[in-house]
Amino acid sequence: MLSRTADHLYWMARYSERAENLARLLDVTYQMSLVPHDPETERNSWNAIIALNSLELAYSKRHDEVTASQVLHFMVRDETHPSSIYSCLRAARENAHAVRGTLTAEMWETINETWLQLRDQSFDEIYAGGVAAFFDWVKQRASLLRGAMFGTMLRDEAFQFIRLGALLERADNTARILDVKYHSLAGAQQSQGDDLVDANDFYHWGALLRSVSAFEVYRKVYRDVITPERVAELLILREDLPRALHSCMEGIVRILEKVRNSRSDETVRRAGQLFATLRYGRMDDIFARGLHAWLEDFINSIGDLGARISEDFLVGA
Amino acid sequence: MTTLFFDEMHDADAKTRPHYGPFETWARGLSPDVMVRKRAEADLAFRRLGITFAVYGEEAGTERLIPFDTIPRIIPNAEWKTLRAGLKQRVKALNMFLDDIYNGQDILRAGRIPAEEVLDNAQFRPEMRGFKVPNGIYAHIAGVDVVRAGAGEFYVLEDNLRVPSGVSYMLENRKMMMRLFPELFAHQKIAPVEHYPDLLLETLRAVAPAGVDDPTVVVMTPGAFNSAYFEHSFLAQQMGVELVEGRDLFIDHDAVYMRTTRGPKRVDVIYRRIDDDFLDPQVFRADSMLGVPGLLKAYRAGRVTLCNAIGTGVADDKSIYPYVGEMVRFYLGEEPILNNVPTWRCRDKDDLRYVLDHLPELVVKEVHGAGGYGMLVGPGASKAEIEQFRAVLVAHPDKYIAQPTLALSTCPTYVESGIAPRHIDLRPFVLSGKEVSLVPGGLTRVALREGSLVVNSSQGGGTKDTWVLENGHAEPHR
């Protein structure tokens, strides 16, 4: 297929996935903030969202202080920077518009209508209606798009590049959420010098799991109390959890095998190598390396894969 | 009902014409609120489908719906047969004219058209001289604008041989009518138009460079911000071919390739929806970012076919228009079936004097204009507007032609105050490949403002579904 078409599809998928993951992350942070705790902790959790997306500078240009409503406005409806949910869904729609003929009518209509509905809502309206309801709406629209895609699209290259974009973005996002939340949560726990998971911590870990729709999954898999190590294991090494890194990488490797061309051998090799660390890796080794350092490496490898995919397939000869 | 205009639905005595009979019976049985609901449903569906067009001169990225009217324009079968024959004849002659002037120039040597009218025309492309295009076809897709005047007779208003648009609306309007009112289609034989994309693909494949058995066809668009982008994308999708932009293509050894995820892929036929000027920055406008450097050379080498060919604008130019009848007689030895509108060329001193004396009755158009921009409709203009235009006309007479104001026929249309007659035209799409073909019907545009004769969507026009009624027995739709 046309490289530019593949490029638009890939970015359409990345932006949709990013918007959804942002909604998940913000939702969790917002819900955590509803549990009574000191202002310092709350500020830290909102700060973490900004740091997670490397938006410190962009945020400080627009806001003097970090409060829930200001961060929410900045991350949800601010159209002046490219990382808000609004900007992501706009970019997803623009990319889809550029190749709408490649999408099925159901997919295009879903993306277009999502955009039309979002465009007509001010932040005040969203805030008044309850941000939780808004985040649910974002997740529902993402599910609808995914459903339309799986249910209607020919399994051709267009499909593969959409999946590739979505999986790459998801792997990146899961790694980032885990990195930021793990350290703020596990760190707080240690500083209390208490190895018991108290009710508050339970709530926080539960929220993190919910942000990747893995709360019930955790229960099912471990049938035990929530510990940070197991949460990390679940989100990194499970091959059957759709938002776990292992599962994402498996999909990426499989797709790269399908779309490979004369230039992509090195990309296929690197993806396979990264996949192997998940397929055959152990949590002990990851913790020995240091979870933060390991996740940082992983995020960089995903970035490298993205650049290589772009070079091999999307820019064109 | 006024008798000044020919109305498609009612005769001079306000009686319903027979071919609208079944429609009227059906419409009378419909409660008004059903119609209101259906019209809202159509609007919503068009918006959700994103069937919009971009408006130039408004905020960037502004997308608007073209208003869709639910009362169809119906053409009786016998009238369509005449129209079809006339359109085929006309487009055949126009293609022969183009082939001639870029090669032997017989018609000029025979003195049937003044040579300077053609050779000095800004739309004449010397780059096209002396090479043969496949099948001798230049205008593969023609969107001929036809109107019906006071006594019910048809006139060709413009030939549109460059990159005519609107066919996607013809198709989507039909789809919408069938979705809103399936019962209408169950009780009458309305000729289908849905096979247009198939015919188009067949036409494009038929004109591939010699020796290419299984040609790769692409649609070339200026990009997502072009006003007709929806149509470009729609046609590519319906034909199952790639929609490319200039930057997706490159030339290697006079062959055209597109950049794909699997490497370069050869392209044989380009249905380009981009003007001549922007096709190749090496030859035409150097600042064009939309084209492909070296495309003309590949084209002249016969390695790729452009549809339409470069340089077709000379045949649909308003200053050449008066000679189309001559072309039919010269090349086909036939009398033209369809009328031309009498035309005064303002570059001619006598013609200009007549035009200046009769401005309030005339329509004055820019020779190279399109889309209803920069024209004067005398009867609808204020004194000040006429005087303003007079000054422009005196200063640049060779830029304008004038025609009598045609009493464009009307068709009942939903407007704010209810149902009222509004002026319409018709754009059938004529395809020339191995043979000349067209689907029955076309795009009917309607001027929604009361009294307005300007049907262009950029000037507040809307569209209607166009029905050609079939006779008792089915016949091939060609």
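First the proteins, then the strands, lettered A, B, ... as listed; each starts at 1.
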Rounding to 0.5 Å, atoms NZ (B:Lys265) and CE (A:Met1) come to a distance of 13.0 Å
In terms of heavy-atom proximity below 4.5 Å to chain B, should A:Glu157 be classed as side chain, backbone, both, or neither?
-> side chain
Does NZ in B:Lys297 sit with more than 12 non-hydrogen atoms of other residues, nucleotides or ligands closer than 6.0 Å?
-> no
What's the spacing between B:Leu243 CG and A:Leu2 CG if we round to 0.5 Å?
-> 8.0 Å
Where on B:Gln238 is there a heavy atom nearer than 4.5 Å to chain A: the side chain, the backbone, both, or neither?
-> neither
Considering all heavy atoms of both residues, which atom of A:His97 and which atom of B:Tyr229 are nearest to each other, and what is their separation?
-> O-CE2, 3.1 Å
Minimal non-hydrogen separation, A:Ala98 against B:Ala224, with atom names = CA-CB, 4.3 Å
Residue part contacting chain B, namely of A:Ser262, when any heavy atom lies under 4.5 Å = neither
Answer with side chain, backbone, both or neither: which region of B:Val218 has an atom nearer than 4.5 Å to a non-hydrogen atom of chain A?
-> neither
Flag side-chain contact, heavy atom, 4.5 Å: A:Arg4 against B:Arg259 | no
How long is the span from the CZ atom in A:Arg260 to the CZ atom in B:Arg262, to the nearest 0.5 Å?
-> 10.5 Å
Do B:Gln237 side-chain atoms and A:Leu103 backbone N/O form a donor-acceptor pair below 3.5 Å?
-> yes
Smallest heavy-atom separation, A:Ala6 atom then B:Thr261 atom, equals CB-CG2, 3.5 Å
